[in-house]
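This report concerns only the one structure given below.
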There are 2 protein chains.
Amino acid sequence: MKPTLQAVADAVGVSRSTVSNAYSRPDQLSATLRERILDAARQLGYPGPNPTARSLRRGFVGSIGVLFTSQLSYAFTDPFAVRFLAGVGTAAERHGTSMLLVPLPPAVTDARRAVENAAVDGFCVYCVADEEWALDVIRQRGLPFVSTASRDDAGDDERFVGIDERAAARSAAAHVAGLGHRRVALLADSVLPGAPAGPLTLVGVDQVPHPTTRGRLAGFADAFAEVGVGWAELTLVNAPGNSRPAAAAAIAGLLDQPAPPTAVLAGSDVLALGVLDALAARPARDRPTVSVTGFDDVPEAAAAGLTTVRQPAEEKGRIAAELLLDPPADAAAGHVLLPTALIVRGSTGPVPRS
Amino acid sequence: MKPTLQAVADAVGVSRSTVSNAYSRPDQLSATLRERILDAARQLGYPGPNPTARSLRRGFVGSIGVLFTSQLSYAFTDPFAVRFLAGVGTAAERHGTSMLLVPLPPAVTDARRAVENAAVDGFCVYCVADEEWALDVIRQRGLPFVSTASRDDAGDDERFVGIDERAAARSAAAHVAGLGHRRVALLADSVLPGAPAGPLTLVGVDQVPHPTTRGRLAGFADAFAEVGVGWAELTLVNAPGNSRPAAAAAIAGLLDQPAPPTAVLAGSDVLALGVLDALAARPARDRPTVSVTGFDDVPEAAAAGLTTVRQPAEEKGRIAAELLLDPPADAAAGHVLLPTALIVRGSTGPVPRS
DNA sequence: GATCCAGTCTGTATCGATACAGAGACTAAC
DNA sequence: GTTAGTCTCTGTATCGATACAGACTGGATC
């Protein structure tokens with residue numbers, strides 16, 4: 001059994017409080033006594049105040065939670081998520097705070113429990129899928145949080161960092177529309193929860209539940225509406241999982257058709273890279289010329305020559321953590337919109353004359 | 001103020017214990033009473049048992065620490081570290097355990113404090129630099145840990161997962177030696193702490209303090225010793241920081257020399273990619289033909305055509321976490337050596353005839 | 001009708017620390 | 001010589017839960 005603070009106090013012959021002060025408030029006791037106490041502690045093998053007990057008494061933990069509404073192991077395969085984490089890490093580092101990554105079990109009840117049981121002072125919520133229930137639990141716990149996806153019900157006092165998804169997506173689509181493309185596919189993850197991979201017909205973009213996906217699809221649609229291509233004329237493709245293979249599989253059927261789309265607008269770079277994979281996998285003679293755009297501008301995008309919309313990933317994580325760790329006095333400052341930029345590379349070009 | 005368990009007990013008119021049981025041991029009370037209690041809790045806005053208090057009383061936390069003996073933000077830029085984290089995440093997920101990433105402040109005293117204060121049940125230690133002090137703190141706390149770098153002083157009962165660094169490095173060097181290379185540079189991070197970037201003269205490989213680096217360099221040297229090239233004939237280059245730019249900068253001077261090395265053996269893929277960057281940055285006419293090998297086989301290595309030594313990154317993380325989370329009864333099973341493989345790609349070739 | 005037992009619930013001790021008010025001792029000031 | 005003020009240190013209450021032993025109830029068993 002490890003000695004406790006009491007044991008050290010007994011050994012030195014002082015009160016528990018004094019030993020506690022020796023560690024946490026050195027100005028409250030003489031330097032010599034402090035040395036005596038620390039020496040005794042060393043001799044007894046006392047490892048310093050128990051972090052859990054300390055947290056309980058002090059009322060805070062000294063770590064922030066990062067919540068991915070997806071498998072934790074997935075988070076590390078998504079380059080955007082990794083950059084986001086790096087940003088959170090930078091801010092955490094600066095504040096001397098630890099980051100708790102909370103894995104969510106598949107069942108919602110278990111997942112609620114996981115969020116309830118996390119010993120943290122607040123959460124950065126990185127939304128992959130529908131996250132309302134998670135925010136509910138956090139609110140219930142009375143913990144502060146920062147969310148990173150626009151939500152429909154965001155309270156005024158709730159902190160947020162993100163981008164204007166719709167406008168950003170629109171810029172990419174406008175670029176593609178400007179190149180003359182009219183037969184276009186929109187590729188997204190989690191268009192409808194539970195829907196199978198592949199083409200999907202939706203009456204309107206409003207049917208998409210996930211706000212981020214909806215925002216991006218709406219932006220794509222906006223730009224095409226402007227050149228006279230309506231929602232119904234766009235091919236919507238679902239690629240559950242947001243991975244390169246998932247995207248490749250989801251788009252494959254479409255590429256086989258007699259008149260494949262001349263452009264694919266993807267909701268993320270990972271999906272777009274999957275489309276490029278699918279194209280590269282075919283023999284050159286039956287490889288259609290397809291313009292492809294992504295979203296995020298992850299490091300891999302540059303190497304692949306992918307036209308994409310850049311959003312500052314690390315910045316997003318850093319700011320999320322900072323909004324959490326020292327909240328701005330002004331409520332309006334708790335709502336941050338980051339800039340985006342269209343990055344045109346080689347993956348988009350004019351419509352080929354057939 | 002959030003209500004406590006006591007408040008719920010008072011509201012329902014039962015004892016604190018019973019409310020506690022309603023959450024943690026449903027079999028200890030009747031289903032109807034349990035429902036009544038949970039209802040009351042909902043109404044009062046009781047968020048469930050306080051995780052910190054629960055941890056204190058139960059004696060464990062339900063999360064494991066991941067310790068990088070470097071900046072946390074760095075960890076996310078190193079692709080190998082990211083894969084390692086993914087592996088830890090997979091295991092943590094399976095066990096319903098959270099991962100605490102502990103950032104270490106630059107000053108050692110502060111860093112010790114950070115390790116002392118982490119509320120975790122154990123540590124996976126990913127060693128970047130010298131980590132002895134960290135292990136000391138963990139031992140002092142009486143916490144279990146798994147380390148991932150071979151150490152000189154590993155206790156028999158201490159768990160470990162890693163590779164035979166020396167043999168693995170030797171395989172890469174033997175390949176290069178077999179191609180005829182004799183004028184060779186060895187490039188490594190943290191050859192000597194505090195040493196500047198660039199060539200460095202060491203009497204022997206024993207002078208390198210970091211065990212992983214030492215092991216790899218020793219393996220390189222082994223293979224060349226076998227073909228009659230001694231340690232003194234090898235050019236050792238220090239690249240502090242383990243980043244592509246750092247490696248490019250460290251190697252640049254060497255490439256400018258009248259007789260640059262015909263091969264560079266790097267201690268990691270990141271460094272090797274940096275060397276390729278440095279080569280690519282020169283105009284083709286004064287770009288020497290240099291064979292380059294890496295170490296790790298990170299995802300980027302394949303795309304760059306880098307010859308490298310593959311070690312299973314995710315596996316390493318996963319096994320580290322599993323050794324921690326359910327320790328094998330047999331002490332010997334707590335010491336895992338993973339297989340490695342030489343992956344030959346286009347970055348190595350025969351010595352050019354000058 | 002006494003005994004036993006399973007099923008429920010209660011009460012007290014405890015996990016390991018920190019906060020805060022206050023007690024002594026000692027110096028400085030008037 | 002008193003008052004005030006500083007420095008140190010102590011003691012008690014408290015953070016919010018869980019463990020464990022025991023009390024009570026009602027039905028089954030002999």
Side-chain angles (χ1 to χ4, degrees), chain A residues 1-38 40-41 44-62 113 116-121 140-143, chain B residues 1-38 40-41 44-62 113 116-121 140-143:
Chain A
M1 211 39 218
K2 280 279 151 190
T4 68
L5 198 152
Q6 178 75 68
V8 178
D10 293 347
V12 183
V14 295
S15 78
R16 214 159 59 228
S17 306
T18 301
V19 179
S20 172
N21 285 335
Y23 283 93
S24 310
R25 310 167 68 164
D27 57 317
Q28 293 297 302
L29 71 174
S30 66
T32 63
L33 178 56
R34 183 171 130 94
E35 264 320 306
R36 266 211 301 147
I37 291 176
L38 296 182
L44 290 172
Y46 174 66
N50 177 308
T52 306
R54 166 184 285 215
S55 298
L56 175 58
R57 183 63 247 234
R58 304 227 274 206
F60 67 88
V61 181
R113 277 295 235 272
E116 283 165 356
N117 288 336
V120 296
D121 299 319
Q140 169 98 352
R141 282 187 61 180
L143 289 178
Chain B
M1 209 40 216
K2 280 279 150 191
T4 68
L5 199 153
Q6 178 73 68
V8 178
D10 293 345
V12 183
V14 295
S15 77
R16 213 159 58 227
S17 306
T18 302
V19 179
S20 173
N21 284 335
Y23 283 94
S24 310
R25 310 166 70 164
D27 57 317
Q28 293 297 302
L29 71 173
S30 66
T32 62
L33 178 56
R34 184 172 129 94
E35 264 320 307
R36 265 210 301 145
I37 291 176
L38 296 183
L44 291 172
Y46 174 65
N50 177 309
T52 306
R54 167 183 284 213
S55 299
L56 175 58
R57 184 63 246 237
R58 303 228 273 207
F60 68 89
V61 181
R113 275 296 235 272
E116 283 164 357
N117 289 336
V120 295
D121 299 321
Q140 169 98 348
R141 282 188 60 179
L143 289 178

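We use all heavy atoms of the structure for the numbers below, so side chains are in, but hydrogens, waters and symmetry mates are not. Naming: A, B, ... by sequence-line order, numbering from 1 per chain.
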From C-beta outward on A/Y46, which listed nucleotide comes closest to its side chain: C/dA17, D/dT18, D/dT12?
C/dA17
Would you mind reading off the distance between A/R54 atom CZ and D/dT14 atom P, rounded to a whole angstrom?
22 Å
Heavy-atom nearest nucleotide on DNA chain D for A/V14 versus B/S24: which residue maps closer to 5'?
A/V14
Nearest to the side chain of A/S17, which nucleotide is it out of C/dA19, C/dT10, D/dA17?
C/dA19
Run the side chain to side chain donor-acceptor pair (under 3.5 Å) check on A/R54 and A/S24 step by step: do they pass?
CA-CA 10 Å; A/R54 166 184 285 215; A/S24 310; 3.2 Å; yes
Counting heavy atoms from C-beta on, name the nucleotide in C/dA19, D/dG16, D/dA17 closest to the side chain of B/L5.
D/dA17
By nearest heavy atom, map B/S15 and B/R58 onto DNA chain C; which one lands nearer the 5' end?
B/S15
Could you walk me through whether B/S20 and B/S17 pass side chain to side chain donor-acceptor pair (under 3.5 Å), step by step?
CA-CA 5 Å; B/S20 173; B/S17 306; over 6 Å; no
Of the non-hydrogen atoms in A/A22 and A/P26, which two are nearest, and what is the gap between them?
O-CG, 4.4 Å
Taking the side chain of B/N21 as its heavy atoms from C-beta onward, which of C/dT10, D/dT18, C/dT8 lies nearest to it?
C/dT10
Name the nucleic acid region contacted by B/T18, choosing base, sugar-phosphate or nothing; use a 4.0 angstrom heavy-atom cut-off, strictly under.
base
Expressed as a whole number of angstroms, how long is the span from A/L56:CG to D/dT18:C1'?
12 Å
Would you indicate what A/Q28 reaches in the nucleic acid, counting non-hydrogen atoms under 4.0 angstrom: base, sugar-phosphate, or nothing?
base
Calculate the interatomic distance between A/E116 atom CD and D/dA17 atom P; express it in whole Å.
12 Å
Locate the shortest heavy-atom distance separating A/V12 from A/A40; write the atom from each residue and the value.
CG2-CB, 3.4 Å
Quick one: B/R16 CZ to C/dC15 P, roughly how many Å, whole number?
15 Å
A/D10 CG to D/dT10 P, in whole Å, measures 12 Å
What integer distance in Å separates A/I37:CD1 from D/dT8:P?
13 Å
Nearest to the side chain of A/L29, heavy atoms from C-beta on, is which of D/dC9, D/dT18, C/dT18?
D/dC9
Closest of C/dT10, C/dA13, C/dC9 to the B/R57 side chain is C/dA13
Does A/S30 place a side-chain N or O at less than 4.0 Å from the phosphate oxygens OP1/OP2 of D/dC9?
yes
By nearest heavy atom, map A/T4 and B/L33 onto DNA chain C; which one lands nearer the 5' end?
B/L33
Calculate the interatomic distance between B/N50 atom CG and D/dA17 atom C1'; express it in whole Å.
7 Å
Side chains of B/T4 and B/N50 in contact at under 4.5 Å (non-hydrogen atoms):
no
From CD of A/Q6 across to P of C/dT14 the rounded distance in Å is 13 Å
